Structure formats: C-alpha cells, structure tokens
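Comments concern the structure below.
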There are 2 protein chains.
Amino acid sequence: MLNYSTSEENYIKAIYHLQQQDGNVTTNELAAELKAKPASITDMMKKLKAKKLLHYEPYQGFSLSNEGKKVALGIIRRHRLWEFFLAEKLKFTWDEVHEVAEHLEHVSSKKLIDKLDEFLGFPRVDPHGDPIPDQDGKIETSRQVCLLDLPFNKSAVVSHVSDQSTEILELLKHKNIVIGTKLEVKKKFSFDNSMEVKAGRQPVFTISEQLAKNIFVKYGA
Amino acid sequence: MLNYSTSEENYIKAIYHLQQQDGNVTTNELAAELKAKPASITDMMKKLKAKKLLHYEPYQGFSLSNEGKKVALGIIRRHRLWEFFLAEKLKFTWDEVHEVAEHLEHVSSKKLIDKLDEFLGFPRVDPHGDPIPDQDGKIETSRQVCLLDLPFNKSAVVSHVSDQSTEILELLKHKNIVIGTKLEVKKKFSFDNSMEVKAGRQPVFTISEQLAKNIFVKYGA
DNA sequence: ATAATAATTTAGATTTGTCTAAAAATATTT
DNA sequence: AAATATTTTTAGACAAATCTAAATTATTAT
Ligand SMILES: [Mn+2]
Ligand SMILES: [Mn+2]
Ligand SMILES: [Mn+2]
Ligand SMILES: [Mn+2]
C-alpha cells in the first residue's frame with residue numbers, strides 16, 4: 001500500500017463518509033465538507049483518479065474505487081484507534097478527541113497502528129460508537145437504528161451519536177447518556193416529536209427531536 | 001506560541017542539536033544533517049530569520065534565538081515523550097522508535113502532550129537516555145561523561161547511547177547493556193583503545209573503542 | 001425549446017518547499 | 001598577495017495544494 005499526502009488522505013476519507021449516504025459524491029458536496037473551493041476539489045479529483053483511487057468523469061461526480069475504499073478504511077482505522085486512545089488512556093473528553101485524531105491519523109506506520117490496537121485491547125468502537133476497522137479493513141456494519149424510530153418499550157443500547165459537538169456532549173452528560181446506556185422509549189408527542197425515555201433506574205425524562213435525531217441505538221444487549 | 005510547519009520544525013530541531021556542539025551552525029553542516037541541498041538551507045534560514053527564530057547574517061552561519069530554542073525544546077519534548085510511549089507501552093525496540101517519533105513529534109497539541117506526559121508518569125529520559133524537557137522547556141543537563149573517559153574502578157551508570165542504529169542495539173543486547181546498567185572500567189589497552197568492563201555480577205568483558213565512544217555514563221547511582 | 005440558474009471545470013496566480021546551475025563571497029594554499 | 005578551492009547565496013525552475021475569476025456544461029423554470 002502506497003503512501004498518500006495528508007491532503008489526499010483528508011479528501012479520500014471525506015469522500016468515503018459522503019458516499020455512505022448517496023453512493024455518488026458531487027463537487028460541491030465535497031467542497032462544503034472540506035471547506036474548500038469547488039475548483040480545488042476538481043484539481044484533486046484528477047489527481048486521485050490518476051492514482052486509480054476513484055471513479056470520476058467530468059460533471060458526473062465521483063466515488064471511491066475498491067483501492068480507494070481500502071485506503072479510506074486504513075485512515076478511519078487510525079483515526080478511531082487514536083480517538084479511543086485519547087479518551088480511554090489520556091482522559092480526553094468526547095468532544096476533544098476528534099480534532100487531535102484528525103492529525104494523528106496521518107502518521108501511517110502500520111506497525112504503530114497494529115501495536116496501538118493491541119495495546120488498547122482491540123477495541124471494536126471509538127468513543128462516538130463508530131466501529132473500528134480491523135487490520136484487513138473489515139468493518140462492523142452494525143444494524144443500528146435512530147432513536148426516533150425505536151418502537152415503544154423495546155430495550156436498546158446507545159451505540160452511536162452523530163453530532164460530535166461540545167454542546168451535544170453537555171446535554172448528554174446532563175441526561176446521563178453515554179455510549180452503552182440502555183434505553184426504552186415510553187411516549188412520543190407528535191406536536192414537537194419529543195419523547196419520554198427511561199434509562200436504567202433513572203426516572204423517565206424527555207428528549208427533544210433534535211437530540212433523538214442524533215442518537216442511534218442497537219437492539220438486544 | 002505560534003505553529004510551525006513540519007519542515008520548519010525539522011530545521012529548527014536539527015539546528016538545536018548541531019549548535020549543542022559548535023554554538024554556531026553552518027549551511028553545509030545543516031544540509032548534511034537534513035540531507036538537503038545548501039540552497040534549500042539558505043532559503044529556509046531567511047524564512048526562520050524573518051520569524052525571529054534565529055540569528056543569521058549571510059555567510060556567517062546561524063544559531064537559534066531564545067524563541068527558537070523554546071520552539072526546539074517543544075519539539076524535542078514531543079519527540080522524546082513519543083519515543084518513551086512507543087518503547088514502554090507499545091513495546092517497540094529501541095531502534096524502531098526514532099523513525100515513528102519523527103512524525104508524531106509534529107502533532108503539536110499542547111494538551112495532547114501534557115496528558116501523554118502525565119499518562120507516562122512524567123518520565124525524565126527517553127529510551128536512548130536523553131532527557132525529556134518539561135512543560136516549560138526546562139531540560140536536565142546531566143553531567144555525563146563518555147565511557148572512554150571514565151576512570152578505573154569508578155562506578156557509573158549508563159545514561160546515554162549516541163548511536164541509535166539496529167547494529168549497536170544488537171551488540172549492546174549481546175553484552176547486556178541497557179540504559180541504567182552499572183559499570184566499572186577495569187583495564188584499557190592503548191593498542192586499540194579497547195577496554196575491559198565489569199557490569200553488575202557479570203564476568204568482565206571487552207568493549208571496543210568504537211562502542212565505548214557511543215556510551216555515556218553518569219557517576220554515583 | 002429557450003432562457004435563466006446552478007454546478008463544474010479551466011486558466012492563471014500564489015505560497016511553500018524543494019532543486020540545479022551559476023555567481024559571489026570566503027578560506028586556503030602556494 | 002595571487003591563485004585556487006570551498007562555501008554560500010542567488011536566480012530561475014518545478015511540484016503540490018490552494019485560490020479567484022472566467023468559461024463551460026448541466027439543470028430547472030418558463
Ligand atoms: Mn485529517
Ligand atoms: Mn469518532
Ligand atoms: Mn520530524
Ligand atoms: Mn531519542
């Protein structure tokens with residue numbers, strides 16, 4: 001596996017995430033994601049196409065090739081392992097890990113990452129509940145569902161939070177919700193889509209639509 | 001404290017190390033150290049001078065300003081803490097740590113490094129016995145002496161090895177010498193400057209001039 | 001089917017970091 | 001003190017990554 005520049009890696013990773021939704025990614029989408037100008041995106045797409053990391057025809061959008069996906073999963077592996085390290089070992093809070101991991105992910109020594117993985121005890125998910133790819137780039141596609149869609153009285157475990165801001169962390173902390181918290185939906189109100197939720201033996205409490213939208217859960221655990 | 005590019009940091013660190021010997025550093029010296037062409041050095045010296053990180057007059061060589069030294073010590077702190085982490089926590093061997101630390105040192109989050117320091121238990125020296133600067137850039141200037149100059153029957157502790165190659169590590173491993181090993185010089189031979197040394201309760205063994213040149217020791221411990 | 005609008009690409013410029021080759025300054029040798 | 005050799009700097013080029021402004025292509029609305 002060749003080595004890619006920090007810039008190339010950031011582009012590849014961003015495309016990977018965007019194409020999880022739509023399949024095909026557009027110039028403007030990627031420009032927005034990377035806070036770059038569309039012209040810069042086109043330039044880089046030509047380079048990545050030449051390196052066979054993606055499929056791209058002018059005006060047609062683009063998507064990663066198999067090789068490109070493999071590269072992306074390598075970067076994501078490094079990113080999430082470092083996030084886990086920062087949270088678990090260095091006691092970073094949840095909202096602090098991402099920015100630092102954004103830099104650490106580009107140190108691409110395979111030995112470093114595999115030994116780090118071992119040192120951490122081969123964690124399966126990062127502090128946001130996102131699965132960590134293994135050495136071969138295999139990644140758990142966990143069957144998770146948005147809290148908004150969880151049926152009443154079905155016990156489920158918080159597995160992922162989409163938003164990674166300090167603000168959502170503050171709110172989740174206040175409500176005692178972390179990755180792994182067991183929840184049941186007790187009531188939903190169609191007026192504002194708010195819901196009442198029970199977690200462990202805490203008294204029932206209310207969650208707004210905006211918050212529920214960002215919480216994902218897994219059944220049975 | 002501003003942020004500097006990876007390139008700038010590598011230059012600053014190299015100057016710091018070179019000026020430990022001579023005080024003043026020349027263009028060719030630095031070019032050799034960094035495996036770059038002299039013209040590239042001159043270019044960068046102009047930039048670093050403009051940023052007030054060094055004293056430089058054309059044809060006169062250069063040396064770090066106080067600000068430059070502070071920056072250098074920050075880089076060295078990061079480098080050596082990562083080396084310690086790699087050796088201690090990830091079980092890297094001695095000769096493997098340097099290359100990876102060469103990249104990790106450029107991730108310059110103060111919080112990351114201070115928390116790493118704490119996590120590691122505030123180590124004082126890296127795996128090569130080099131002192132690790134503290135948060136304020138304070139660094140232990142250990143009174144160490146080359147094994148070549150250690151008087152007979154004076155007990156001393158190995159505190160530093162200059163060479164960091166796999167080859168010297170192999171030899172030191174064979175002779176059971178690590179940082180912290182207690183030694184006494186028993187005999188020296190002027191023919192080849194080899195010496196006989198006693199370490200702990202091992203039988204006396206021989207060390208070549210080339211090896212002794214790279215071993216530094218501290219008295220009394 | 002045009003016309004207007006939006007998205008994308010191209011052309012050309014800029015910054016950073018590097019290089020080669022030539023010129024200039026300094027140091028060494030005769 | 002000249003001549004020679006070495007060191008250092010300058011001039012000009014190049015690749016990577018970005019940008020702005022203009023041109024082109026595609027989409028949407030009339
Ligand atoms: Mn990144
Ligand atoms: Mn994450
Ligand atoms: Mn480095
Ligand atoms: Mn070291």
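Each chain gets a letter, A, B and so on, in the order the sequences are listed, and its residues count up from 1. Please read these numbers as outputs of a predicted model, since none were measured by experiment.
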In Å, rounded to the nearest 0.5 Å, how long is the span from [atom1] of [X] to [atom2] of [Y]?
| X | Y | atom1 | atom2 | answer |
| --- | --- | --- | --- | --- |
| Trp94(A) | Leu172(A) | CH2 | CG | 5.0 Å |
| Leu54(B) | Ile12(B) | CG | CD1 | 8.0 Å |
| Leu104(B) | Leu104(A) | CG | CG | 6.5 Å |
| Ile15(A) | Ser63(A) | CD1 | OG | 9.0 Å |

Please write out the pairs of protein N or O atoms and N or O atoms of nucleotides 10-13 of chain D separated by less than 3.5 Å, giving the distance to one decimal.
residue	atom	partner	partner atom	Å
dT10(D)	OP2	Lys46(B)	NZ	2.9

Euclidean distance, atom [atom1] of residue [X] to atom [atom2] of [N] [Å, nearest integer]:
| X | N | atom1 | atom2 | value |
| --- | --- | --- | --- | --- |
| Tyr4(B) | dT16(C) | OH | P | 14 Å |
| Ile41(B) | dC19(C) | CD1 | C1' | 12 Å |
| Leu48(A) | dT18(D) | CG | C1' | 15 Å |
| Lys37(A) | dT10(C) | NZ | C1' | 17 Å |
| Met45(B) | dT9(D) | CE | P | 10 Å |
| Phe62(A) | dA7(C) | CZ | P | 14 Å |

Heavy-atom nearest nucleotide on DNA chain D for Glu57(B) versus Ala36(A): which residue maps closer to 5'? Glu57(B)
So which one's nearest nucleotide on DNA chain D is more toward 5', Tyr59(A) or Thr6(A)? Thr6(A)
For His55(B), does the NE2 atom have more than 12 heavy-atom neighbours from other residues, nucleotides or ligands under 6.0 Å away? yes
Contact class for Ser7(A) (heavy atom, under 4.0 Å): base, sugar-phosphate, or nothing? sugar-phosphate
Is there a donor-acceptor pair under 3.5 Å between the side chain of Thr166(B) and the backbone N or O of Asp95(B)? no
Using modelled atom types and a 3.5 Å cut-off, is there a donor and acceptor pairing between side-chain atoms of Lys89(A) and backbone atoms of Phe119(B)? no
Against the six-membered ring of Phe62(A), is Lys49(A) placed for a cation-pi contact (under 6.0 Å from the centre, within 45° of the normal)? no
Between residues 18-35 of chain B and DNA chain D, which residues have a heavy-atom gap below 4.0 Å? Thr26(B), Thr27(B), Asn28(B)
My understanding is that only one of Glu8(A), His79(A), Glu9(A) makes a side-chain hydrogen bond (donor to acceptor under 3.5 Å, both in side chains) with His106(A); could you say which? Glu9(A)
